[in-house]
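Accompanying notes for the structure given below.
Naming convention: chains lettered A, B, ... in sequence-line order (proteins, then strands); numbering from 1 in each chain.
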Amino acid sequence: MSELFETFLNPAVMGESAGLLLRGLVVTVELSLLVVPAGLALGACVAVAQALAPPWLERVVSLGVDLVRAFPPLVLLVLVVHGLPFAGIELPALVGVAVALTLNTASYYGEILRAGIAGVSAGQWEAARSSGLGTTSILRFVILPQGVRKVLPDLVGNTLEAVKLTALASVVALPDLLRMARIAQGVHFNPSPLILAAALYLALLWPLARFVRRLGASKAAPDFARSRR
Amino acid sequence: MTDRIAPGPVLEFEGVGKSFGGIRALHGVDLAVREGELVALIGPSGSGKSTLLRCANRLAEPDVGTVRFEGREAPRGGAALARVRRRMGMVFQAFNLYPHLTALENVALAPRRAAGRSARGARRTAVEALERVGLGDRLDARPDQLSGGQQQRVAIARALALSPRILLLDEPTSALDPELVGSVLGVIRSLADDGVAMLIATHELAFAREAADRIVFLDEGRMVEAGPPEEILERPRTERLRTFLKRL
């Protein structure tokens with residue numbers, strides 16, 4: 001038992017590697033703060049394009065989305081980070097990773113938002129059009145507020161996935177949380193830093209996961225769900 | 001609505017036809033609505049009443065014919081069409097209120113974002129419009145907190161808030177419980193008394209008889225008869241209209 005403890009929950013190792021891991025956590029958070037807003041913005045553009053664009057453009061956008069989604073995110077990441085320099089495009093590692101992960105996560109945000117927009121009834125468009133509102137105003141004040149509300153649990157869920165996906169950055173040697181944990185593990189010949197990293201991921205994502213759960217419950221049966229808890 | 005820009009009809013259809021997937025919904029309809037006039041469209045379901053209304057503000061684009069607003073052909077798209085739509089209020093059978101906004105916000109949205117009024121000006125306009133339909137005390141209610149009749153009155157206020165030259169009403173009471181119909185028709189009648197031009201598709205013949213200046217009977221996308229209410233309802237000239245009136 002104590003051997004198990006020494007191996008996985010070694011306090012000395014954890015204490016010594018904590019600084020390293022916290023620096024990794026900062027990179028993970030930075031990456032998430034780049035990827036999530038950029039992915040949401042790009043996804044929203046994709047969804048709006050699919051809702052409004054002429055058929056040919058809509059087909060081009062859908063094709064792009066399907067292509068990105070068919071790529072395993074790791075392959076996309078390696079392609080962008082190691083492939084672009086061959087095309088003469090040199091990006092800082094953090095930016096390269098952010099670009100690849102943004103492409104990936106935007107394709108999911110886009111599909112979720114597309115479903116949300118499609119779920120708003122045609123009568124809402126007609127009412128807004130008949131009052132002389134322009135397309136931008138209709139989207140901003142009538143369609144998107146309703147569409148986003150319909151798919152909010154899915155949006156938050158995808159955000160959770162997007163943050164977890166940043167762990168892929170460790171593969172291309174970006175010093176994120178997972179990468180730092182692996183380094184600390186190597187230095188100490190002890191896997192305790194990995195457990196600490198897991199705890200840090202959990203601290204980061206647990207509130208978000210609970211939030212999704214609450215959203216899902218209140219959406220399914222608002223009063224019932226609350227009174228039964 | 002004070003100075004007459006163009007003499008003649010506010011809204012005019014000339015030879016307007018429209019097909020949906022090979023089915024002719026409208027066959028060359030000619031109709032004019034003059035200033036201050038209330039024209040009621042009657043006819044069986046699928047007779048083209050809604051389609052005609054929707055051609056007026058180009059929610060449906062006519063295949064043939066001309067729609068004129070204030071004497072000029074209504075523009076086909078872009079900002080010019082949006083400007084014309086602002087001056088034609090529309091009320092739908094299913095209300096189509098914005099469910100995430102309060103009554104006040106529903107009414108103030110277009111004055112603020114389409115007509116570009118100030119936030120305060122749009123709010124004042126919206127309050128006035130809601131007071132006019134008897135809902136001055138429900139400004140902050142959301143649609144799901146209102147009865148069907150109240151929701152439809154908010155929708156009428158929304159259409160009124162831009163001071164339209166004409167209101168287009170598509171079966172405004174068909175989705176309402178019978179006991180709520182009266183309040184909505186009452187509001188429409190008071191607008192008619194104020195001289196708001198209206199084109200209204202309706203199944204309420206008693207209302208049409210009493211409030212309309214003219215009744216137009218549509219059947220299978222054609223204008224079959226048109227005239228003053230007593231003529232249409234009491235002395236129908238065609239077999240189709242007689243059959244329709246008997247069935248109600």
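- Looking only at distances, a side-chain donor or acceptor of B:Gln151 sits under 3.5 Å from a matching main-chain atom of B:Pro143.
- Across A:Ser131, A:Pro145, A:Gly134, A:Ser137, the residue that shares the most heavy-atom pairs under 4.5 angstrom with chain B is A:Ser131.
- Using a 4.5 Å cut-off between heavy atoms, B:Arg83 does not touch chain A at all.
- Salt bridge B:Lys49/B:Glu171: present, at least one basic N to carboxylate O contact under 4.0 Å.
- B:Leu168 does not touch chain A: none of its heavy atoms, backbone or side chain, sits under 4.5 Å away.
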Candidate pair A:Glu111 and A:Ser107, rule side chain to side chain donor-acceptor pair (under 3.5 Å), full reasoning: CA-CA 6 Å; A:Glu111 281 300 290; A:Ser107 71; over 6 Å; no
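- Looking only at heavy-atom pairs under 4.5 Å with chain A, the residue among B:Gly78, B:Ala159, B:Pro99, B:Ala110 that has the most is B:Pro99.
- Contacts with chain A were tallied for B:Leu101, B:Val91, B:Leu97; B:Leu97 has the most, counting heavy-atom pairs under 4.5 Å.
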Test side chain to side chain donor-acceptor pair (under 3.5 Å) applied to A:Glu161 and A:Thr105, step by step: CA-CA 8 Å; A:Glu161 293 300 322; A:Thr105 201; over 6 Å; no
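- For the options B:Arg58, B:Arg86, B:His100, B:Glu105, heavy-atom pairs under 4.5 Å to chain A are most numerous at B:His100.
- For B:Arg158, the part sitting under 4.5 Å from any heavy atom of chain A is the side chain, from C-beta outward, and nothing else.
- With a 4.5 Å cut-off on non-hydrogen atoms, B:Phe92 touches chain A through its side chain but not through its backbone.
- Remark: the B:Ser50 side chain and the B:Asp170 side chain contain an N/O donor-acceptor pair separated by less than 3.5 Å.
- Relative to the ring axis of A:Tyr108, A:Arg69 places its NZ or CZ within 45° and under 6.0 Å from the centre.
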